[in-house]
Visitor: 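What follows is a structure written as structure tokens; I'll ask about it next.
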2 protein chains.
Amino acid sequence: MLSNACKYAIRSILYLAINSSEDNKIGVKIIAEELETPQPFLAKLLQQLTRDKLVSSTKGPNGGFYLDSKNRKNAIWDVIISIDGTSKFDNCFLGLAKCDDRNPCPVHFIVSPFKDKILSSFRDKTIDEYVVEIKNTNRVISLKDLDLFENEDS
Amino acid sequence: MLSNACKYAIRSILYLAINSSEDNKIGVKIIAEELETPQPFLAKLLQQLTRDKLVSSTKGPNGGFYLDSKNRKNAIWDVIISIDGTSKFDNCFLGLAKCDDRNPCPVHFIVSPFKDKILSSFRDKTIDEYVVEIKNTNRVISLKDLDLFENEDS
DNA sequence: ATAAAAAAAGAGATTCTTGTCTTAAACTCG
DNA sequence: CGAGTTTAAGACAAGAATCTCTTTTTTTAT
């Protein structure tokens, strides 16, 4: 569904939303380590996101990437548009050129509600709101967060 | 989610299940035209499926591809295994190496039920049963089937 | 000013997917 | 048997996705 590039980008945005601020910019190196992604490749993606005003950056010592308050009003959906485009979401699961409620492919009515849910998760919430939800429901976005079954009795 | 190759393969299998028999073998050329797929590429895929005993074939005049009764006892899932492998179904939607019910990514609980449904649609039915369902519920597998809104008042 | 740090940019390399082309093998029918 | 038809197989080609490397530009701190 999503390319690796887009997955990296989404995780970066969420990582920056949670961990960065105007006073705490984060370099590619750190981000790539935290998310366990190839560093130079991630750099390219962050450049792309910066061009599209989805993340902010400054060069030089103490520079790095961060999200300002304007960036935080965007949605994950904007990241997907920037990196992958939306075609993968529009296309039929079995590749039929014309597949809709009236002429459904064999899995259309399984795929369609799923797409709606994913779409509203990505499109109808700002990054800010998304992060609140992530925190409230204790979601994971990098591997370092894993509790590794430490609290077995919770 | 699925590669083009796999989509073509699934649609071919369903096409053969509906239209072919031991007495009515169908050549690559026809199948490729019906499904609107690149012909030599589809030939490769059908060879692969034949090697894996998911479709049957005979060479020479009046030869072609078809499903015998044994082929019809397989599942779509076997086609996916043959062409794509199952990794795309196992992997996290956001690419996290470790994402499960206990350490869920932000969309885990949206994706997970969808995967279960798609999986049971593909894995828990034989091709034969699948085709019955397709026919009963009037599903589309090639472009030629489209009713193009002729029966607006139904 | 100068040096160091960091992103920006662009070229290039690798791998995977997709697709094509050619030749061989097998089968059928006259 | 022999010609034609069709799959089988393998090499090859084009494109996209992924990933790397090098150079440039900007900024900060000394």
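Residue numbers start from 1 in every chain, and the chains themselves are labelled A, B, ... in the order their sequence lines are given, proteins ahead of strands.
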Visitor: Could you check how far CG of Leu46(B) sits from C1' of dT6(D), rounded to whole Å?
Guide: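 After rounding, the reported distance stands at 13 Å.
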Visitor: Round to a whole Å and report the spacing from NZ of Lys59(B) to P of dT6(D).
Guide: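 About 14 Å, once rounded to whole Å.
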Visitor: Name the residue closer to the 5' end of DNA chain D, choosing between Pro61(B) and Gln47(B) according to the nucleotide with the nearest heavy atom.
Guide: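 Its nearest nucleotide lies further toward 5', so the answer is Pro61(B).
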Visitor: OP1 or OP2 of dA6(C) sitting under 4.0 Å from any side-chain N/O of Asn62(A)?
Guide: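 False: Asn62(A) side-chain N/O out of range (4.0 Å or more) of dA6(C) OP1/OP2.
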Visitor: Select from Gly64(B) and Lys88(A) the residue whose nearest nucleotide in DNA chain D is closer to the 5' end of that strand.
Guide: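 Checking each residue's closest nucleotide, the 5'-ward one belongs to Gly64(B).
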Visitor: Would you kindly confirm whether Phe109(B) and Ile118(A) end up in one hydrophobic cluster when ILVMFWY residues are joined by side chain heavy atoms under 4.5 Å apart?
Guide: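 Shared cluster, no.
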Visitor: Scan residues 38-45 of chain B against DNA chain C and write down, sorted by residue number, each residue with any heavy atom closer than 4.0 Å; if none is found, say none.
Guide: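 Close to the strand are Pro38(B), Pro40(B), Phe41(B), Lys44(B).
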Visitor: OP1 or OP2 of dA8(D) less than 4.0 angstrom from a side-chain nitrogen or oxygen of Ser57(B), does that happen here?
Guide: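 So the side chain of Ser57(B) is within the cut-off, an N or O lying under 4.0 Å from OP1 or OP2 of dA8(D).
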Visitor: Can you see if the side chain of Asn4(A) gets near the phosphate of dA17(D) - specifically, an N or O under 4.0 Å from OP1 or OP2?
Guide: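 For Asn4(A), the contact criterion (side-chain N or O under 4.0 Å from OP1 or OP2 of dA17(D)) is not met.
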Visitor: So does Thr137(A) get a backbone contact from the side chain of Arg139(A), meaning a donor-acceptor N/O pair under 3.5 Å?
Guide: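 Looks like yes, one N/O pair under 3.5 Å.
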Visitor: One thing to verify: whether Lys88(A) and Asp84(A) come together as a salt bridge, which I'm taking to mean a side-chain N less than 4.0 angstrom from a carboxylate O.
Guide: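 Looking at Asp84(A) and Lys88(A), the cut-off is met.
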Visitor: Tell me the interatomic distance from Leu49(B), atom CG, to dA9(D), atom C1', rounded to whole angstroms.
Guide: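 Interatomic distance, CG of Leu49(B) to C1' of dA9(D): 16 Å.
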Visitor: Look at the rings of Phe89(A) and Trp77(A) and say which category their plane angle falls in: under 30° parallel, 30 to 60° tilted, over 60° perpendicular.
Guide: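 The rings of Phe89(A) and Trp77(A) stand perpendicular, inter-plane angle above 60°.
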Visitor: dC27(C) C1' sits how many Å from Glu22(B) CD, rounded?
Guide: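 Going from Glu22(B) (CD) to dC27(C) (C1'), I get 16 Å.
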Visitor: Without decimals, in angstroms, what is the distance between Lys29(B) NZ and dT6(D) P?
Guide: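 Rounded to the whole Å, the gap is 9 Å.
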Visitor: Check the distance between dC19(D)'s C1' and Lys7(A)'s NZ and give it to me in whole angstrom.
Guide: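 Rounded to whole Å, this separation is 16 Å.
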Visitor: Not counting sequence neighbours, list each pair that qualifies as a side-chain hydrogen bond (donor to acceptor under 3.5 Å, both in side chains) and has a residue in residues 15-24 of chain A.
Guide: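 Listed once each, the pairs would be none.
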Visitor: For Phe65(A) and dT27(D), give me the distance from atom CZ to atom P, rounded to whole Å.
Guide: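 Rounded to the whole Å, the gap is 14 Å.
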Visitor: Between Thr126(B), Ile127(B), Ile81(B), Leu54(B), which is the residue that forms a side-chain contact (heavy atoms from CB on, under 4.5 Å) with Ile76(B)?
Guide: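 Exactly one candidate clears the test, Ile127(B).
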Visitor: If only side-chain N and O atoms of Tyr8(B) are considered, is one of them under 4.0 Å from the OP1 or OP2 phosphate oxygen of dT18(C)?
Guide: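 For dT18(C), OP1/OP2 do not have a side-chain N/O of Tyr8(B) under 4.0 Å.
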Visitor: Determine whether the side chains of Tyr130(B) and Ser121(B) contain a donor N or O and an acceptor N or O closer than 3.5 Å.
Guide: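 Present: a donor and an acceptor within the cut-off.
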Visitor: Whole angstroms only, please: what is the CZ-C1' distance between Arg51(A) and dG10(C)?
Guide: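 After rounding, the gap between these two atoms is 11 Å.
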